[in-house]
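Down below is the structure, laid out as structure tokens.
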Amino acid sequence: MARLPQRFYRRDALDVARDLLGKILRRGPVRLRITEVEAYRHGGDTANHCRAGRTPRNAAMWGPPGRAYVYVCYGLHQMLNLVTDEDGQGAAVLIRAAEPLAGHDVIRTRRGGLDGPALLTGPGKVGAALGLDTSFCHHPLYRAGGLEVLDAAPVAQVLCGPRIGIDYATPEHVRAPWRLAVADNRWVSHRKTLSARA
DNA sequence: TCTACGATCTTT
DNA sequence: AAGATCGTAGAT
């Protein structure tokens, strides 16, 4: 399948998040099917890294869309985001989980190789599997080479629920069901707090 | 400079 | 239930 064009990302993060489910992340021999995502939206989302304005860390998140925003969490996890919306909005989709399709022999986690069914459920594991670090900030995902996102068949049924680890946000945004996941798939974290979505 | 704190993961 | 582990942001 072809790479997703830049215009795919140039709309609201929640819409992009929904349509990213089932798409393919590729880096070299490694291919991962996206199974769980979170939208960090423009317009006052108090969980969004851009909520307090532009900083050196979040620079890539302000656009242009279709590029990577990677940041370090808890000092050790490399978190992959795909930048969305128009330039200057400060929005992105966090990749929370993925199903390994190819490159199993190359995929690594913090503990070593791919050795169990629970792996790649959690954003830190996705970043490790793709060997990412903050130097991937601004990397264009719609161009050939390095890290790419490929088109694939749409997902039939989607689950949704509140985002994980954002208790610092306002109650409205803590509750917002902006975490989306592929239904009936084992590569999804925090299943208990997900439910059916229209 | 100093300090507090994570869009987490693992082990206990 | 809590420790690991360190870059970032905001305060000083």
Side-chain angles (χ1 to χ4, degrees), chain A residues 9 12-18 20-21 25 32 34-63 65 67-85 89-100 107-139 141 159-181 186-194:
Chain A
Y9 304 92
D12 189 280
L14 189 57
D15 296 323
V16 176
R18 166 64 180 80
L20 274 173
L21 292 174
L25 285 162
L32 309 179
I34 298 171
T35 51
E36 182 185 351
V37 295
E38 281 177 358
Y40 287 88
R41 306 174 74 186
H42 74 83
D45 180 0
T46 54
N48 189 322
H49 276 181
C50 292
R51 65 189 176 279
R54 193 181 196 104
T55 68
R57 176 175 73 156
N58 69 28
M61 209 173 147
W62 294 95
R67 305 175 95 105
Y69 165 48
V70 178
Y71 72 94
V72 178
C73 186
Y74 292 95
L76 59 167
H77 303 297
Q78 314 289 321
M79 313 279 272
L80 171 62
N81 295 259
L82 311 187
V83 178
T84 67
D85 293 73
Q89 301 274 36
V93 173
L94 170 69
I95 309 298
R96 281 198 58 86
E99 172 181 358
I107 292 174
R108 293 291 175 268
T109 68
R110 289 192 75 246
R111 292 200 319 184
L114 199 57
D115 58 11
L119 295 179
L120 299 197
T121 57
K125 295 174 184 176
V126 173
L130 292 168
L132 302 181
D133 57 60
T134 55
S135 70
F136 278 79
C137 279
H138 302 100
H139 177 87
L141 300 152
L159 304 179
C160 73
R163 293 171 291 179
I164 301 298
I166 55 157
D167 290 344
Y168 54 82
T170 61
E172 171 194 4
H173 294 133
V174 168
R175 282 194 303 268
W178 296 344
R179 180 164 67 104
L180 307 178
R186 71 193 299 192
W187 308 93
V188 172
S189 69
H190 299 265
R191 293 162 154 282
K192 290 78 47 186
T193 54
L194 291 171

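Convention: sequence-line order gives letters A, B, ...; per-chain numbering from 1. This is a predicted model, so every value here is computed, not measured.
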Item to complete: Please determine if a side-chain N or O atom of His77(A) lies less than 4.0 Å away from the OP1 or OP2 oxygen of dC9(B).
Response: no
Worksheet item: What distance, rounded to whole Å, do you find between the two P atoms, one in dA1(C) and one in dA7(B)?
Response: 22 Å
Practice prompt. Taking only the side-chain heavy atoms of Leu76(A) (C-beta and beyond), determine which of dT8(B), dA9(C), dT5(C) contains the nearest atom.
Written response: dT5(C)
Worksheet entry | Mutual orientation of the aromatic rings belonging to His173(A) and Trp178(A) [parallel < 30°, tilted 30-60°, perpendicular > 60°] | tilted
Practice prompt. From the options dT5(C), dT8(B), dA7(B), select the nucleotide whose nearest atom is closest to the side chain of Met61(A).
Written response: dA7(B)
Fill in: Passing option when His42(A) is tested against Asn48(A), Thr84(A), Asp12(A) for side chain to side chain contact (heavy atoms under 4.5 Å, CB included)
Asp12(A)
Discussion item. In whole Å, I'd like the distance from the CD atom of Gln78(A) to the P atom of dT5(C).
Written reply: 15 Å
Item to complete: Would you mind classifying the nucleic acid contact of Arg163(A) as base, sugar-phosphate or nothing, using non-hydrogen atoms under 4.0 angstrom?
Response: nothing
Worksheet, complete the sentence: Across every strand shown, the nucleotide meeting Watson-Crick or G-U wobble geometry with dA7(B) (both distances under 3.5 Å) is none
Worksheet item: Of all the nucleotides listed (dT10(B), dT8(B), dA9(C)), which has the minimum atom distance to the side chain of Lys125(A)?
Response: dT10(B)
Worksheet item: Given that both distances must come in under 3.5 Å, which nucleotide forms a Watson-Crick or G-U wobble pair with dT5(C)?
Response: none
Worksheet entry | dT12(C): pairing nucleotide in any strand, Watson-Crick or G-U under 3.5 angstrom | none
Worksheet item: Closer than 4.0 Å, any side-chain N/O of Thr55(A) to the OP1 or OP2 of dT8(C)?
Response: no
Practice prompt. Give Leu94(A) one of three labels, base, sugar-phosphate or nothing, depending on what nucleic acid heavy atoms sit under 4.0 Å from its own.
Written response: base
Item to complete: Give a yes/no verdict on base stacking between dA7(B) and Tyr40(A): centres under 5.5 Å, planes within less than 30° of parallel.
Response: yes
